[in-house]
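All values below come from the heavy atoms of this structure, side chains included, with hydrogens, waters and symmetry mates left out. Being a predicted model, the structure only gives us computed values, none of them experimental. Lettering follows sequence order; numbering is per chain, from 1.
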There are 2 protein chains.
Amino acid sequence: MASPKTKTRMLDAAERLFAAHGIAGTSLRAVTGEAGVNLAAVHYHFGTKDALLREVFARRVGPVNEARLARLDALEASAGGRPLAVEAIFTALLAPVIEQSRADAQQGHDWRRMVGRVYAEPVEVVEPLLRQHFAEIERRFTAALARALPDLPAGEIAARLSLVVGVLTHVLAGQHEIALRQHGEVPSDAAMIARVVGFCAAGFRAPVAAPRAGARRVQTALRRRA
Amino acid sequence: MASPKTKTRMLDAAERLFAAHGIAGTSLRAVTGEAGVNLAAVHYHFGTKDALLREVFARRVGPVNEARLARLDALEASAGGRPLAVEAIFTALLAPVIEQSRADAQQGHDWRRMVGRVYAEPVEVVEPLLRQHFAEIERRFTAALARALPDLPAGEIAARLSLVVGVLTHVLAGQHEIALRQHGEVPSDAAMIARVVGFCAAGFRAPVAAPRAGARRVQTALRRRA
DNA sequence: GTCTATAACGGGATAGAC
DNA sequence: GTCTATCCCGTTATAGAC
């Protein structure tokens, strides 16, 4: 256990380097160098760089998504068919990833930025990963939110959930913590979860916005200028 | 004007390729190839790849940020010292970038994803860009929000503004539109701005959240398991 | 200001010994 | 399962002709 297996060491190294320098910015030589293994080992264990990325991603996201669904299951079971509170739904969505990533980070496995960064990769890289891991999550949480907010149109729920994903990837990418540290704050897990949940729940409860009348004029003016 | 200058063509090509494949994933060969110019031209006009990125970024973000500040100036001038509405502040922050990027996108210049992607680049690349372009924006809009929401602690304003940045970069990166299109929706500029502004304003008005009592137990259990 | 040619190096991937 | 050695190509950057 003091010296993990070759494959694990490569996953750890790739996770760290992907987070720090991006996927394209990380060479397999850097991965094997950091893991202290030979360059050829990565091809033996994973085949290609892309397959390595898929394993790095699935190792962390898989368990987190199981925890999310288990938490939502438990909430719905104890609610006995009644709609859930929006805050409870978002806590089930956000808390597992933040708690688990923080716990792993304390052991040197900082995979939050890796996950956050994957969302910024080219679509051909991201889409297979997201389709595989998040289809069920999106389906279940959209349904729960629809029951919790019956007055919100289905399209609006999907649209706002996408904004929540934006908040979460930003937090995962570490940008939120950077901003906090610039103001001398280092929040606890619980405080950060509470803030993000409160922000997103309030955002979801906002009335459906109608475009302002003035917006069209501005847009037209811009089009003319360009 | 039918065939722009070499330098402009390279900026256009780099903008498109950075958006599609990321910074590290875009080679100077690809840029000059797409621009139809010689490989050496990029070094003549920009010197290094990093300088090219800085020019690509500044060309779009500079004017947008000027428009944001001008819009905030106009709001504050007409308010005569009284606090602004939160929605008006966020509209001044969000509308210029969405409107201007959409107008440019209709002419084939799709730089939204380029800007959104820059936020996911390694810190040593991003931080100089953000420091140069967003210090004034953050200062001015934080001050306006603090006057609009006098009961919100200063740290909370900074923290929530960082979440708004997360929403905006997600929208700019194009993820929000992808999610919408999966549900058959293609919103207008004005509708998207109204939705994002409404979401963020409601999130900002949320009561300051206190961590739930149960959160500590969960965190401790996770730490034990790991 | 734009070109060709090339330097100097790093990239992913693979073959085959051990 | 891990190693060495190597292939072949792409990378940024530069030198110097035009």
**Prompt:** Do A:V164 and A:F204 come close enough that some side-chain heavy atom pair is under 4.5 Å?
**Reply:** yes
**Integer-rounded Å distance: C:dT4 C1' and B:R29 CZ** = 13 Å
**Fill in**
Heavy atoms of A:D50 and A:R54 approach each other most closely as OD2-NH1, 2.6 Å
**Asked** When all nucleic acid strands are considered with a 4.0 Å heavy-atom cut-off, which category describes A:A40: base, sugar-phosphate, or nothing?
**Response** base
**Prompt:** Between A:L52 (CG) and C:dA13 (P), how many Å, whole number?
**Reply:** 10 Å
**Message:** Considering every strand and a 4.0 Å limit on heavy-atom distances, what is the contact class for B:T32: base, sugar-phosphate, or nothing?
**Reply:** nothing
**Asked** By salt bridge (charged side-chain N to carboxylate O under 4.0 Å, His left out), which residues pair with A:R59, not counting sequence neighbours?
**Response** A:D12, A:E15
**Asked** Quick one: A:L28 CG to C:dG11 C1', roughly how many Å, whole number?
**Response** 8 Å
**Request:** Go through the steps to decide whether A:L39 and A:L28 satisfy the test side chain to side chain contact (heavy atoms under 4.5 Å, CB included), and finish with yes or no.
**Result:** CA-CA 7 Å; A:L39 171 61; A:L28 296 183; 4.3 Å; yes
**Request:** Can you tell me the distance, in whole Å, between the CG atom of A:L39 and the C1' atom of C:dG12?
**Result:** 8 Å
**Asked** In whole angstroms, how far is the P atom of C:dG12 from the CE atom of A:M10?
**Response** 14 Å
**Fill in**
Applying ring pair (Phe, Tyr, Trp, His ring centres under 6.0 Å) to B:F57 and not counting sequence neighbours gives B:H133
**Message:** Below the 4.0 Å mark, does C:dG11 have OP1 or OP2 next to a side-chain nitrogen or oxygen of A:S27?
**Reply:** yes
**Fill in**
Contact span of DNA chain D against chain B, any nucleotide atom under 4.0 Å from a heavy atom, 5' to 3', runs D:dT11 to D:dT14
**Asked** Should A:R60 and A:D104 count as side-chain neighbours, where that means a heavy-atom distance under 4.5 Å?
**Response** yes
